[in-house]
Amino acid sequence: ADGLELMEVLSIAVRGPRTDAAHTRIFGLLRELPMVLGLRGVFGWHRNLDSSDIEVLTHDWSQRIASQLDYNALVDWLCLVFHSRQVPPSLSQDLRTLLLMRSDYPDIAQQGYEWSYLANRCVTDHPIELLDVVLDLVESNHLMIIGQDYESELLMACAKAAPAEAWEDVAKRMQAGEWRVQLEVRGWLLNAFPASIVEAWIGESRERARLVASIAPVGDGDEPLPVARFLLENFGEDDHVGSDLAAHYTSGSWVGPESVRLSQKIDQLKGWRSRTTLPLGVRKWAAEMIGSLEQRRLAALEWEAERGF
């Protein structure tokens, strides 16, 4: 029988009562059918499967993956299955293997959410392996991380699960010149790491301080974030460190006149400049930023006035 005929038989079998005979028949059809067709045929039938059934099917299908369509279909199906149940320990190794196979099948398209959902189930046991999969995809230009998407949440979870090892991984990549990784993690991933780990890695190294400054958020509270504070206190005289932090501080999107946004930034910086409890390097940087942003504010006011804003 060809695939279409087998699919017709399968569609009838999954609509009938769950009997031992039906179970045996369905599993036999799934072994004969191409993987994608089999997965489609039992997409809603997973409620009739126990943990051992799921383990058997997952192991079998994992061994049969031969295309991106196969991979995407299995990821999609497993996400559906495990939305309503826990991943049994007996399946953890097969699931790990499947998740790591994304490096071989990177064009996952709309299954990005499903893959990340399954990966988050495994973060505790495999944080560095999952971190590497995502960062490898970024560096090979198969993945762009946009805002708070599924992969960015996964990276944050990996970093929090094993912060020391994860930071070493990210730092080595930046040192090796993986500029896509450096660009994609800029301004947000550093928040997942304890400041003490990052600061200890920097030590007295100006080169490392510059690398960290290239991805470090400054913050918008009563004082700079801890890593930015450390950088300004210890390397504030370095032009690269100061300019990178300035770029991060002024970047971003906003609604309304730019002059209003710049006024808010200036007011915040004035607070930092006047706080005697902050390091001298922070206060000096804040003073320099006030002068720069004041010029930009005046230019913005002129531009807005000319256009009737």
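The environment of Lys265 atom NZ is dense: over 12 non-hydrogen atoms of other residues, nucleotides or ligands sit within 6.0 angstrom. No more than 12 heavy atoms of other residues, nucleotides or ligands lie within 6.0 Å of CG in Asp239, so this atom counts as exposed by the packing criterion. Surrounding CD of Glu304 are more than 12 heavy atoms belonging to other residues, nucleotides or ligands, all under 6.0 Å away. Within a 6.0 Å sphere centred on CG of Asp222, heavy atoms belonging to other residues, nucleotides or ligands number 12 at most. Shown here is Asp20, whose CG atom has no more than 12 heavy atoms of other residues, nucleotides or ligands within 6.0 Å. Within a 6.0 Å radius of CZ in Arg96, other residues, nucleotides and ligands contribute more than 12 heavy atoms. Within 6.0 Å of CD in Glu204 there are 12 or fewer heavy atoms belonging to other residues, nucleotides or ligands.
Of all non-hydrogen atoms in Val133 and Leu99, the two that sit nearest each other are CG1-O, 4.4 Å. Taking every heavy atom of both residues into account, Arg261 and Gly252 meet most closely at NH2-N, 4.3 Å. Taking every heavy atom of both residues into account, Asn191 and Pro217 meet most closely at OD1-CG, 3.5 Å. Annotation for Ile128 and Ala166: closest pair CD1-N, 3.6 Å, computed over non-hydrogen atoms.
Between the CG atom of Asn234 and the OG atom of Ser205 there is a distance of 12.0 Å, given to the nearest 0.5 Å. Rounding to the nearest 0.5 angstrom, the gap separating the CZ atom in Arg206 from the CG atom in Leu211 is 13.5 Å. If you take CG on Leu293 and CZ on Arg297, they are separated by 10.5 Å, rounding to the nearest 0.5 Å. Distance check, rounded to the nearest 0.5 Å: CD1 of Ile145 to CG of Leu135 gives 7.0 Å. With values rounded to the nearest 0.5 angstrom, Met144 atom CE is found 10.0 Å from Asp149 atom CG. To the nearest 0.5 Å, atoms CD (Glu233) and CG (Leu278) are separated by 9.5 Å.
The aromatic rings of Trp61 and Trp77 stand perpendicular to each other, their planes meeting at an angle above 60°, with 30° marking the opposite boundary. Using cut-offs of 30° and 60° for the angle between ring planes, the Tyr71 and Tyr105 rings count as parallel. Using cut-offs of 30° and 60° for the angle between ring planes, the His23 and Phe27 rings count as parallel.
At a threshold of 4.5 Å between non-hydrogen side-chain atoms, the residues Val198 and Phe230 do not count as touching. Side-chain contact between Leu130 and Val134 is absent, with no heavy atoms from C-beta onward closer than 4.5 Å. When side chains are defined from C-beta on, Val282 does not count as touching Glu223, because their heavy atoms never get closer than 4.5 Å. Contact of the Leu143 side chain with the Pro106 side chain is not registered, since no non-hydrogen atoms from C-beta on lie closer than 4.5 Å. Within the 4.5 Å cutoff, the side chain of His248 has no heavy atoms near those of the Ile215 side chain. Looking only at side-chain heavy atoms (C-beta outward), Pro279 and Trp285 stay at 4.5 Å or farther from each other.
A side-chain donor from one of Gln182 and Ser214 sits under 3.5 Å from a side-chain acceptor of the other. When only modelled atom types and interatomic distance are considered, Asp94 and Thr97 share no side-chain donor-acceptor pair under 3.5 Å. No donor-acceptor contact under 3.5 angstrom links the side chains of Asp136 and His142, judged on distance only. A side-chain donor from one of Gln268 and Tyr249 sits under 3.5 Å from a side-chain acceptor of the other.
Salt-bridge check for Glu151 with Arg102: passed, with a basic side-chain N closer than 4.0 Å to an acidic carboxylate O. With respect to the salt-bridge test (charged N to carboxylate O, under 4.0 angstrom), the residues Lys172 and Glu178 do not qualify.
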Worksheet item: Between Phe235 and His240, does a ring pair (Phe, Tyr, Trp, His ring centres under 6.0 Å) hold up when you go through it step by step?
Response: CA-CA 9 Å; Phe235 303 94; His240 292 279; over 10 Å; no
Discussion item. Apply side chain to side chain contact (heavy atoms under 4.5 Å, CB included) to residues Cys79 and His83 and explain how you reach the verdict.
Written reply: CA-CA 6 Å; Cys79 182; His83 257 298; 3.7 Å; yes
Fill in: CA sep, side-chain torsions, deciding dist, call: Arg210, Asp238, salt bridge (Lys or Arg N to Asp or Glu O under 4.0 Å)
CA-CA 8 Å; Arg210 290 176 176 179; Asp238 185 274; 2.9 Å; yes
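Under the 6.0 Å distance and 45° angle rule, Arg283 does not count as a cation-pi partner of Trp272.
Cluster membership for Val75 and Leu37, using ILVMFWY side-chain heavy atoms within less than 4.5 angstrom, is shared. Grouping the Ile, Leu, Val, Met, Phe, Trp and Tyr side chains by contacts below 4.5 angstrom, directly or via other members, places Leu33 with Phe43.
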